[in-house]
Each structure stands twice: as C-alpha cells, then as structure tokens.
Amino acid sequence: MATKSVVLARLGDLVVEKKYGMSYDEFAEKHLFANYPVVIGDATNSWAAREKFTPEFFKENYGNREVKVQGKLFRLGDFIDLMMVATKDNPAPYPCKLQINTDYPELLPDVTPRYNFALPDRTHSRLLPKGFLGGADTMEIFFGSPGGQFPYMHYDYMGLHAYINQLYGEKEFTVIPPDQTPYVYPDPKNQWMSLIDNQRNPDLKKFPLWEKATPVSFVVGPGETMFIPNGWWHTAHSVTPTISVALDVLNASNWGRFMNEVDIMMSRQKPLKAKVARAALSVIGGVLTMTEKMGLKV
Ligand SMILES: O=C(O)CCC(=O)C(=O)O
Ligand SMILES: [Fe+2]
C-alpha cells in the first residue's frame, strides 16, 4: 500500500507529516535512522486500548488506586473527575502517569502487539546490564486535562526515542529540532532538560536566544502516534481531556546517543568504570544488531 500523508505543520524546511499505510522501510529510512519526527496515523489500530482506555474504564476499574501528580496524592477516580471538569485557564496538575510494566501489567495485552515501527526494542534485552537505563520508565499511561502542560521542554532521557500513542482526546505537541539546542538553554546538570521555566511566556531577559527558536506545534488525535526521535526538544499540552500511552525505544538507531548518556551519567563519579562500560556497550550493541538482523530476540 502506498503511504498516504497529510502535512500537519510546516515552518521553513521543517515539515511534520501524518502518515497512513507507511512501510517499515520508509519509517526506518525517513524517520528512525534520519532522526526525523512523524505522526503515524494507524500504528495502534489493533490495540484493544483504542476502545478500552477511556476515563470511565479507569474510574470504574482503578478509581481507588493512588497516584502522585506534581507531588500531590490523588485517588485516580478523583483525578479523573478533576481532569474532566478542568479548563484551559484552570487545568488539573500534569502529568498524571501510571507505569504499565510494574504497576498495571494486566493492561499489557491491551497495548499489544507492539507495532513494527517501535521494534526492535532493546530496553528490556537480557544483554543490557540493569541500571544503564537510569531507571527510565519505558511504558506509561498519561492522563491530562485541557491546558495541562508537560512541565519542561526536554528530549527523552538516556537517548531513548519516544512514541506517544494518543488514545483518547487531543494533545498539542511542540517540537524543536536538535540544531536549535543553544536557543533552548539546556541545564548543564541535565543536558536533556531546558532551563526555560515559563514555557508559554519565556523571560527573554534571562533567555535571549529563545527568540531565535522556531518551535513547531500541531495537534495529535485519538489513534495517532507521535514519533519523537531522541534529541528533538518537545513539550505537549492537552486540548481536551486526554489519555495517552508513551513507549520508549532503544535500538541501533539511537545506540550511540544511549552510550553517550551512559558515559555522562557514569563519568562524573566513576571515570574508569565509564570507559569499561563504553567498551562493553559497544560490543553489546554490535551483538544486538547482529541478532536483530537474524531475527533473534535476546
Ligand atoms: O505527552 C506528553 O505530555 C509528553 C510526554 C513526554 O514528552 C515524556 O514523558 O517524555
Ligand atoms: Fe518526552
């Protein structure tokens, strides 16, 4: 099937498209290995979560579970009530997140099968020493209310790519290409986090280069998947009440970025160990690339 595509946003050379019927080869060439974002219109078509993950479902089945949002404890049912009545000017706190792998494993079948665009994924490989991912969560459900904004611009932790699957409601994403990093003021202590605190109205006296940045925004709706390659700055806010499932992915396309992050994480405290880890990861990366090419899973 030929890819059908719609332009969601265009600014200078930067074009964000929404694509349907894309082949894996096209995704690999134009997005995964080119490190270029895209919205995939039909990746989650076979997930039961597409119909099942509604505010009512979570209220009915998990209303009494506790969630911490911006440091405050809520019953999930109460948070969902709040998110449904919140307004743009009076948003519920964000993000409200549930960890599927550890806390809601019975929901895994609803987000299965993993679509091919998010494969291969090495985050759970037995060859990857535990701890190297710095505790990154690789599968989370997000609940958001109108106006609820991700608290800081960032690119994803530990070199990972993000696939944000919009299942309920609409979310507006803003992306900024990696070559504009100086305009975003990365935190010297956490290079993947922007220091700009008031995202809607940045203080230009404190962050004068921000004026040169050209952020691009567009809305992602139910059933659509936002692929954000590692290194692309991003933030998001909900337009309506939303439920999304975020997957983080590691494979040959971002292995080098991952190795650099491990290096940064370790070399502050253990420079020698960092060198050994780099050598080991380089070998592990090669082995995994080979096994993936042979279609084996380790
Ligand atoms: O959907 C969102 O609010 C963005 C989430 C995100 O970027 C992240 O968790 O890294
Ligand atoms: Fe992110």
Side-chain angles (χ1 to χ4, degrees), residues 8 16 31 35-40 43-44 49 53 55 67-70 79 83 86 88 91-104 111 118 121 123 133-178 180-181 184 186-187 190-196 199-200 215-250 254 257-258 261:
L8 289 181
V16 179
H31 302 289
N35 225 51
Y36 203 85
V38 66
V39 175
I40 309 166
T44 56
F53 284 16
V67 273
K68 206 177 207 177
V69 190
Q70 298 288 5
F79 184 85
M83 133 188 161
K88 190 166 165 272
Y94 187 73
C96 170
K97 300 194 282 186
L98 312 182
Q99 267 72 50
I100 304 185
N101 283 319
T102 48
D103 301 339
Y104 298 82
V111 293
D121 176 33
T123 56
L133 281 175
D137 285 304
T138 55
M139 201 185 261
E140 295 179 306
I141 308 176
F142 282 72
F143 295 84
S145 78
Q149 166 119 26
F150 198 82
Y152 46 86
M153 272 184 285
H154 66 283
Y155 55 84
D156 279 29
Y157 190 47
M158 296 318 289
L160 302 176
H161 298 314
Y163 294 68
I164 300 174
N165 303 282
Q166 197 48 33
L167 296 175
Y168 181 90
E170 296 186 324
K171 210 177 236 180
E172 182 173 296
F173 284 87
T174 300
V175 299
I176 301 171
Q180 296 190 18
T181 293
V184 179
D187 182 339
N190 293 307
Q191 293 284 341
W192 49 277
M193 255 175 98
S194 165
L195 286 173
I196 297 177
Q199 296 181 53
R200 279 173 210 255
V216 171
S217 301
F218 47 90
V219 172
V220 177
E224 300 174 356
T225 300
M226 169 85 240
F227 167 64
I228 311 176
N230 192 260
W232 281 71
W233 295 90
H234 58 277
T235 184
H237 71 263
S238 294
V239 181
T240 65
T242 56
I243 302 178
S244 332
V245 169
L247 309 177
D248 275 333
V249 169
L250 174 63
N254 52 346
R257 297 192 65 94
F258 164 66
E261 296 290 339

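Computed from heavy atoms alone, side chains included, the values below leave out hydrogens, waters and symmetry copies. Just so it is clear, the structure is predicted and the values come from calculations on it, not from any experiment. When a ligand or atom number is given, it counts from 1 through the structure's own listing order.
Excluding waters, the set of protein N/O/S atoms under 2.8 Å from the Fe ion (ligand 2) reads H154 NE2, D156 OD1, H234 NE2.
Smallest separation of non-hydrogen atoms from A49 and V111: CB-CG1, 4.0 Å. Residue P91 comes nearest to P146 through the heavy atom pair CB-O, 3.3 Å, listed as atom of the first residue, atom of the second, then distance. Listed here is the closest heavy atom pair of P151 and Q70: CG-NE2, 3.7 Å. Shown here for N35 and W232, the closest heavy-atom pair between the two residues is O-NE1, 2.8 Å. For the pair L160 and N254, the tightest heavy-atom approach, listed with the atom from each and the gap, is CA-ND2, 3.6 Å. Between D121 and L250, the shortest heavy-atom distance links the atoms OD1-N, 3.1 Å.
For ligand 1, residues of the protein lying within 4.0 angstrom by heavy-atom distance are Y94, F142, F150, H154, D156, I164, K171, H234, A236.
Judged by distance alone, the side chain of H31 and the main-chain N or O of Y36 form a donor-acceptor pair under 3.5 Å. Looking at H161, its side chain does come within 3.5 Å of a backbone N or O of N230 through a donor-acceptor pair.
The only member of T242, T225, I243 that meets side chain to side chain contact (heavy atoms under 4.5 Å, CB included) when paired with Q166 is T242.
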